[in-house]
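Model, not experiment: these values are computed from the prediction. Below, chain A is the first sequence line, B the second, and so on; all start at residue 1.
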Amino acid sequence: MSSVRKIDAIGKLDGSRQFLDDYSYPDMLHGYIYYSQKDHAIIKSISFPKNFDFSQFVIVFAKDIPGKNIVPEPEQDQLFLAVYEATYYGQPIMGIAHKDKNILQQFVKGIKVEYDELKATTDIKECLENEKNHFGRELTIDHHQESEIAPDWIRQKHVYYTPHQEQAYLEPQGMIAKYDPETKSMFIKGTCQCPYFVKDAVETILGKTVQEVVVETSEGIGGAFGGKEDFPNVIAGITALLSFKSGKAVKIVLDRSDDIQITTKRHPARIEIETFTDPETKEIKKLDIDYRLDAGAFQTLSPVVLSRGVLHSYGGYNIPDVFVQGRLMHSNTPPNGAFRGFGAPQAFSAIEAHIDRIAHKMNQDPYQFRKNNLLRKGDEFPTTQKITEDHLFDCLERAVEISSYQDKLKDFAFWNKKHDNKKGIGIAIGYHGGGYTGNGEKILNSEIKIVIEKDATVKIYVINTDMGQGAHTTLAQMFAEAIGHPFSKTIVQIPNTKKSPDSGPTVASRTIYIIGNLLKKTALALKKEIGFSSLEKYVKENPAEFPKEIHNHFKQDPMVIFDEETYQGIAYKDYSWGVCITEIFFHAETYQIELIKSWNVFDVGRVVNEKIAVGQAEGGILQGLGYGTTEFFYKPGFGRMHGFTDYAMPTTLDLPEMIVEFIHTDETLAKGLGEIPMNFPAASVRNAFHNATGIFIDEYPLTPENVFKNLKSTD
Amino acid sequence: MKINMKINNKPVTIDVDPMKRLLDILREDLHLTGAKESCGEGECGSCTILLDGNPVTSCILNAIHAENREILTVEGIAQTKAGKLLIDCFDETNAVQCGFCFPGFMVSSYHYLMYDGEPNLDKIKHALAGNICRCTGYQKIFRSLYLACERWQKR
Ligand code: FES
Ligand code: FES
C-alpha cells in the first residue's frame, strides 16, 4: 500500500481546497495588526487620521485585554500588545478592524505614532558577541574528563556564525475569530501547527469573560516549517480580542511584508568551537563549545531551541572529553522561534565546518577523518546515552559510494590546477533526535481518538495538522495498513479542539514518530482484542457494537530518563541519522557558487510512504541549501528584508539535482523525518567550497559578497 | 466602472473600481479563490492566471487591465483535458505538499503544455521560473510536468 496518493492533493490542484483567506463569514470585519516602527522606543502618543468615520472602526489596545497580556510560551515574557514601551521593530501595539479592507488600509496609513527612541541592539554580531547581553539562562553539558591535555595535541579554536532564516511558508499567517456574545463562545479558524496552543492563548487574553474557545484549522495549511508553531498565538489573541469587542467575525491575514517583518525566524547563532586533536591517531580528544543564540526581544520558546541546539552541537563523533555551554542572547529584533531543525541546523553548520578544519590540519581527507572519529555502536553521547546502532556509519558509507566522493576528490584536485573556476565536493553528517527533548513526551501524554462508524468508516481524531508534510495521508495509512482496512475508508479529521483530543503539537518530527506509531499500535491491539480478519466484515456482522470510540495515550518507555539539570541521560529515545554530500562549481569571476548535485542518505527507520518521504526530504534539502548560500534577513547597511523581492530563496533555476536515499527502511519503527534533511546541506556546501578553493568560510550564507570578502582577506 | 471580460469562457460584466487588483476581483467579487496571494508583489507566482493566453501575476494587475480580455484561472483549467492530465500527473507523483503554490504551478504548467509541451527538463525549469515553492524542492514538480508532456504527446 506504500506511496498511496495524498488525500488532499486534488483539491489543492484544482483550487477548491480552502486555505484561511478563502473563508469568509457574513458581516465579517478585516483586521490589521499595527506594530512598532522603532527598534526600541517609548510610545508617546498615537493619533488617528481625521477624515474617516471613526465609529466604523474597532480598535484594541493592551488596556482592552480582559485576561492576561502575556503570550503563553515556555518562557512567559512576551506581550500580546505593547504597553508604553516597544522593544522591537514589529512589536504589535494595537489591533484595528473595519468591514472594508481598502478603507482599513488607508486608515492604517494615516496613523501617526510619536516615539521617544531608546538604545537598541539590532546588529546580530553585536548581540551575539557581547557576553553581558544574555538572558541569564545557561545550559551546560559537562562531560569533562579530568585528563591532561597532551603537549602535542593540536589546538584549534574558531567561531562560526549562522544567519536568520525566514520560513517563508507560501501562505501568510492568519486567523479568523468569531465571537458569539449569546453563548459567550469564541470560535477560531486558523492556519497553525498547534491548535491547543492557540486555544490556550485565546483563553489567556480573554480570561474568564469567555466560556468556551474552540480552535479549528483551515482545510489547507499553506506551509509552516515551525513558523506557525507559536506566532499564531499572537495573531489569534489579537483577532479574538477584536471579535470580542465588536461582536463580529474578524479575519486577519498578514500581507507578506508584515509577515516577514514581525513573525519569528530561525535564530542567528554564534558558535565557538575549541578542539584538541591527537596528531598521531588523528582522534579528537577534547571538545569545548560555546553555543549562543540570538533570541530576539523576548525569550518565548527559545529555551527549548537552545536545549535541542546544545544536544546536537557536538555532532556524530566519539569524543571522550566534551563541554558545552549554551546561552540565549538579547536583541531588539522580533523574537526568534521554531524553524525546521530547531537549533540543530545551526549546530551542524558549525561542528561540520570545524571538522573539515581539523581534517585539513591533520592532512586527512574529510571522509576518512570523519570515519576515524565517528560515533559507532556502543559509543556514548556526551549525555552518556549509549548508541545502539551503526546507522550513521552506514549512511556515510552509502553516501560516499553513490556520490563517487573519493574519485571526485582526486579528479577535482587535478582539474582545479588547470582552471580559474573550481570544482568542489563537501560532506556533512549527523543526526536528529525525534520527538520532544528529554522528558517532554512523557509530560505531553499525547492522546488519540478513533471512531469506527456503522458503515465501517474509520475516523481518526488527532490535533496534529497537515501543513503540507502529508501527515494526514501517512497517519491514515499507518492505521489502515496495521488493521487491514481500506485506506479510502480511513480518514483523519480536520483538527478541532472540541473534537480532537490533545495529541500534542505538530512539531519536532513527532507526528509520524509518536502519533503514527501510536495509531499503529492501537490498530494492532484492536485487531487482536476483537479478533477479526476484516474490520469491514466484522462491522457488518456486529452492527450493535458500532459506532465505537477508542482512546489511547502515548506511553513513554520508562527507561527514558533525562536529567534536565545536568543534561545527562536519554535526551531522545530514537535518533534519525543522515549524511549530505554536495558538489559545487565555483565561478571565479562572479564569485557565484553553483550547486551541481547533492546526495543525501538517511536512516529514518521505516518509510511509510516513499513518495511523500522523498518529497519531504527534497524540500528540506533545498531549504538547507538556501540557508547555506543565499538566505539572510538583516544586512548591515541595508536593514531588514521586506518581502520576496529581497528575501532570496531558491527558485526552479537554483537547485542542484538532489538524490535522496533511505536505508534500513525495513525496521518496524518509523522515526522522525521532517527536520533531518535540513541539518547538513549548508555545511556540505561550505565544505565543498573549501575543497574547491582551499578557503574556509566561517560565516553563513556563502553569498557572492561573502565569498568575495573572504577571498580578498586571504589574498 | 463597468468592466467586461471573459472568465473561464464565460462573459462577465462587473462594476468595480478600475484600480482594484485583478486578484481581488477574482477572489472577492467572483469567488474564484483558486488563485492565491502570497507575496503580493509579482515575485512568487501563486496568483498566476492566463490573460489572453499569457501567464501573468494577477496581484500586480488592476481591473482595467482585464477590460475586453480573456481570463483563464485554475478553476477553468481544471475542467480542460490538459488540466485533468496535469492534475493526475501531479497527484500520481505525490508532488503536492502544502499546495498553496500549486494553483500557480497548474497555470504555468498548462501554458507550457499548450504552447510548447516538449518533455525537456531544462525548458520546464525555465517555464516554471516565475513560480516559487517552499515545500517541495521542485524536483517532483518537474517530474510531473515532464510526465504530463510525454502523455500529452502520446495522446
Ligand atoms: S502573490 Fe502575485 S506573484 Fe506572489
Ligand atoms: S507545496 Fe507548499 S509552497 Fe509549494
Original post:
If contact means a heavy atom pair closer than 4.5 Å, which residues of residues 63-83 of chain B contact chain A?
Top reply: B:Val74, B:Glu75, B:Ala78
Original post:
Under 3.5 Å, is there a donor-acceptor pair linking the side chains of A:Gln193 and A:Thr465?
Top reply: no
Original post:
Using non-hydrogen atoms only, which part of A:Leu653 is less than 4.5 Å away from chain B: side chain, backbone, both, or neither?
Top reply: side chain
Subject >> Distance-only donor-acceptor check, side chains A:Asp259 and A:Gln173, under 3.5 Å >> reply: no
Original post:
Where on A:Pro656 is there a heavy atom nearer than 4.5 Å to chain B: the side chain, the backbone, both, or neither?
Top reply: backbone
Subject >> Lys/Arg-Asp/Glu bridge criterion (N-O < 4.0 Å) met for B:Glu28, A:Lys101 >> reply: yes
Original post:
Stepwise, does the side chain to side chain donor-acceptor pair (under 3.5 Å) test hold for A:Gln18 with A:Glu219?
Top reply: CA-CA 6 Å; A:Gln18 288 190 294; A:Glu219 268 185 357; over 6 Å; no
Subject >> Rounded distance [0.5 Å steps], CE in A:Met175 versus CZ in A:Phe231 >> reply: 10.5 Å
Original post:
Any chance CD of B:Gln153 has more than 12 other-residue heavy atoms, nucleotides or ligands included, within less than 6.0 Å?
Top reply: yes
**OP:** Give me the contact list for residues 86-100 of chain B versus chain A, heavy atoms only, anything under 4.5 Å, ordered by residue number.
**Re:** B:Ile87, B:Asp88, B:Phe90, B:Asp91, B:Glu92, B:Thr93, B:Asn94, B:Val96, B:Gln97, B:Cys98, B:Gly99, B:Phe100
Subject >> Working for side-chain contact (heavy atoms from CB on, under 4.5 Å), residues B:Ser38 and A:Phe644 >> reply: CA-CA 9 Å; B:Ser38 178; A:Phe644 284 178; 3.7 Å; yes
Original post:
Looking at A:Asp8, A:Ile10, A:Asp255, which has the largest count of heavy-atom pairs under 4.5 Å with chain B?
Top reply: A:Ile10
**OP:** Please assess B:Lys6 against B:Val12 for the test side-chain contact (heavy atoms from CB on, under 4.5 Å), listing each intermediate value before the final yes or no.
**Re:** CA-CA 6 Å; B:Lys6 216 172 178 187; B:Val12 176; over 6 Å; no
**OP:** Please state whether the side chain, the backbone, both or neither of A:Tyr647 comes within less than 4.5 Å of a heavy atom of chain B.
**Re:** side chain
**OP:** Heavy atoms only: give me the nearest A:Ser509-A:Glu675 pair and the separation to one decimal.
**Re:** OG-OE1, 2.6 Å
Subject >> Heavy-atom pair count under 4.5 Å with chain B, highest-scoring of A:Thr645, A:Thr651, A:Asp654, A:Ile260 >> reply: A:Thr645
**OP:** Look at A:Asp646 together with A:Arg640 and state whether they make a salt bridge at an N to O cut-off of under 4.0 Å.
**Re:** no
Original post:
Do you know which two heavy atoms are closest between A:Tyr25 and A:Ala249, and how far apart they sit?
Top reply: CB-CB, 4.1 Å
Original post:
Of the backbone (N, CA, C, O) and the side chain (C-beta and beyond), which part of A:Leu13 lies under 4.5 Å from a heavy atom of chain B, both, or neither?
Top reply: both
Original post:
Salt bridge or not for B:Asp24 and B:Lys20, using N-O below 4.0 Å?
Top reply: no
Original post:
Residues of residues 130-152 of chain B under 4.5 Å from chain A (heavy atom pairs)?
Top reply: B:Asn131, B:Ile132, B:Arg134, B:Cys135, B:Thr136, B:Gly137, B:Tyr138, B:Gln139, B:Lys140, B:Phe142, B:Arg143
Original post:
For the atom pair CD (B:Glu37) and OG (B:Ser58), what is the distance rounded to the nearest 0.5 Å?
Top reply: 9.0 Å
Subject >> Any side-chain donor near an acceptor of the partner, A:Asn600 and A:Ser598, under 3.5 Å >> reply: yes
Original post:
Can we say B:Lys36 and A:Asp21 salt-bridge, meaning some charged N sits less than 4.0 Å from an Asp/Glu carboxylate O?
Top reply: no
Original post:
Between A:Glu610 and A:Ser3, is a side chain to side chain donor-acceptor pair (under 3.5 Å) present by the stated rule, with each step listed?
Top reply: CA-CA 5 Å; A:Glu610 200 192 337; A:Ser3 290; 5.4 Å; no
Subject >> Interface moiety of A:Val253 toward chain B, non-hydrogen atoms closer than 4.5 Å >> reply: neither
Original post:
Counting heavy-atom pairs under 4.5 Å to chain B, which of A:Gln469, A:Arg256, A:Gln167 comes out on top?
Top reply: A:Arg256
**OP:** Just give me the residue among A:Gly470, A:Gly15, A:Ala9, A:Gly619 that pairs up with chain B most often, heavy atom to heavy atom, under 4.5 Å.
**Re:** A:Gly619
Original post:
So which bits of residues 107-128 of chain B come within less than 4.5 Å of chain A, counting non-hydrogen atoms only?
Top reply: B:Lys125, B:His126, B:Leu128
Original post:
A:Met658 versus chain B, heavy atoms under 4.5 Å apart: side chain, backbone, both or neither?
Top reply: both
Subject >> Derivation and outcome, side-chain contact (heavy atoms from CB on, under 4.5 Å), residues A:Glu661 and A:Phe602 >> reply: CA-CA 6 Å; A:Glu661 244 191 63; A:Phe602 303 107; over 6 Å; no
Subject >> Pair A:Arg17 + A:Asp22, salt bridge at N-O below 4.0 Å >> reply: no
Original post:
Yes or no on side chain to side chain donor-acceptor pair (under 3.5 Å) for A:Thr582 and A:Lys597, after CA distance, side-chain angles and deciding distance?
Top reply: CA-CA 6 Å; A:Thr582 303; A:Lys597 196 161 175 176; over 6 Å; no
Original post:
Going through the distances and angles, do A:Ser257 and A:Gln261 end up as a side chain to side chain donor-acceptor pair (under 3.5 Å)?
Top reply: CA-CA 6 Å; A:Ser257 155; A:Gln261 296 191 72; 3.2 Å; yes
**OP:** Identify whether the distance between the nearest side-chain nitrogen and carboxylate oxygen of A:Asp466 and A:Lys6 falls below 4.0 Å.
**Re:** no
